[in-house]
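A quick note: this is a predicted structure, and the numbers were derived from the prediction, not measured.
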Amino acid sequence: MAWTDPVDIYCERVSAAFWAEPVNALTNAAFVLAALWGAAEARKRGVRSPMVWVLIVMAGVIGVGSFLFHTFATRWSELADTLPIWSFVAAFVLAAMHFIGGMPVKRVLRVAVIIVVAAVGAIWLAGGEGADVATAAPDPLNGSGQYAPAVLALAVFTGIAFWRKHPGAPWILAAFITFLISLSLRTLDRDICTSFPLGTHFAWHTLNGLMIGLLLQMLIRTGHFGKIPSDSAR
């Protein structure tokens with residue numbers, strides 16, 4: 001398939017026009033707002049960690065990439081949407097292990113290799129955002145299956161946070177619940193087009209922006225940004 005091939009997998013899109021998905025496109029502002037919220041809190045608390053600021057920027061980039069996908073709606077813009085999402089997921093998991101869990105950098109880097117391999121595999125197996133209904137059989141999950149690793153990661157972090165009585169536990173639980181709701185709405189989008197032409201994908205954007213905002217706040221407010229023990233010290 002060519003990079004310029006059209007992708008039409010959401011209720012709101014009924015033509016190939018740039019503004020065929022105005023609500024889906026504009027609700028990506030939720031990711032930018034999450035980034036601004038994180039930046040304001042990080043500045044307030046004097047957090048200078050490059051990783052934290054990279055995550056804040058990445059949150060905003062997710063909004064830009066998704067905006068491109070819901071306006072151009074082509075294969076290349078689909079990639080511009082997917083890559084920032086998975087990059088943020090991988091980077092956040094690593095940052096949480098380091099700043100929340102206290103894992104030494106060398107060990108985090110080893111885990112990073114596993115995460116990259118798993119993320120690439122998930123994207124390849126899912127085939128991107130979802131199948132184009134004009135060229136393939138409908139996916140019963142509407143492409144949401146690719147986010148199973150993210151659900152698993154949040155579930156594990158939530159369990160560990162409460163088990164360790166970490167102060168960030170309520171934040172990650174709220175993020176986990178928000179993500180489950182948003183993923184359910186994303187999955188329903190295509191199946192309710194007849195009764196609700198606007199669809200529910202806009203809610204996926206809005207709630208995911210909130211979810212990312214909660215995760216950033218958890219990291220910024222409860223992360224330990226002092227010296228992390230080295231491998232030799234542990």
Requested in this report: Answer with yes or no after comparing the ring centroid distance for F69 and W76 against a 6.0 Å cut-off, counting only values under it.
Outcome: no
**Report entry** Trace of the side chain to side chain contact (heavy atoms under 4.5 Å, CB included) decision for S87 with M58
**Finding:** CA-CA 8 Å; S87 297; M58 289 174 72; 3.4 Å; yes
Report task. Verify, without hydrogens or angle tests, whether D5 (side chain) and A2 (backbone) share a donor-acceptor contact under 3.5 angstrom. Result -> yes
Query - R221, CZ: over 12 other non-hydrogen atoms inside 6.0 angstrom - result: yes
**Report entry** N/O donor-acceptor pair under 3.5 Å between T71 side chain and F67 backbone
**Finding:** yes
Query raised in the report: Going through the checks in order, is the side chain to side chain contact (heavy atoms under 4.5 Å, CB included) test met by R45 and I220?
Result: CA-CA 8 Å; R45 295 174 179 267; I220 293 167; 3.9 Å; yes
Query raised in the report: Are any non-hydrogen side-chain atoms of W204 and L183 less than 4.5 angstrom apart?
Result: yes
Requested in this report: Look at the side chain of S195 and the backbone N and O of I192, then say whether any donor-acceptor pair between them is shorter than 3.5 Å.
Outcome: yes
Query raised in the report: Where do H70 and F202 land on the side chain to side chain contact (heavy atoms under 4.5 Å, CB included) test, with the steps shown first?
Result: CA-CA 10 Å; H70 291 285; F202 72 93; over 6 Å; no
Query raised in the report: How many angstroms lie between atom CG of L215 and atom OG1 of T178, to the nearest 0.5 angstrom?
Result: 9.0 Å
Query raised in the report: Closest approach of L141 and T187, non-hydrogen atoms and distance?
Result: O-CG2, 3.6 Å
**Report entry** Criterion side chain to side chain contact (heavy atoms under 4.5 Å, CB included) on N24 and H205, from CA distance to verdict
**Finding:** CA-CA 8 Å; N24 283 349; H205 292 159; 4.2 Å; yes
Requested in this report: Using atom types as modelled and distance alone, determine if a side-chain donor or acceptor of Q146 lies under 3.5 Å from a backbone N or O of G143.
Outcome: yes
Report summary line: When every non-hydrogen atom of D189 is compared with those of I9, the smallest separation belongs to OD2-O, 4.1 Å
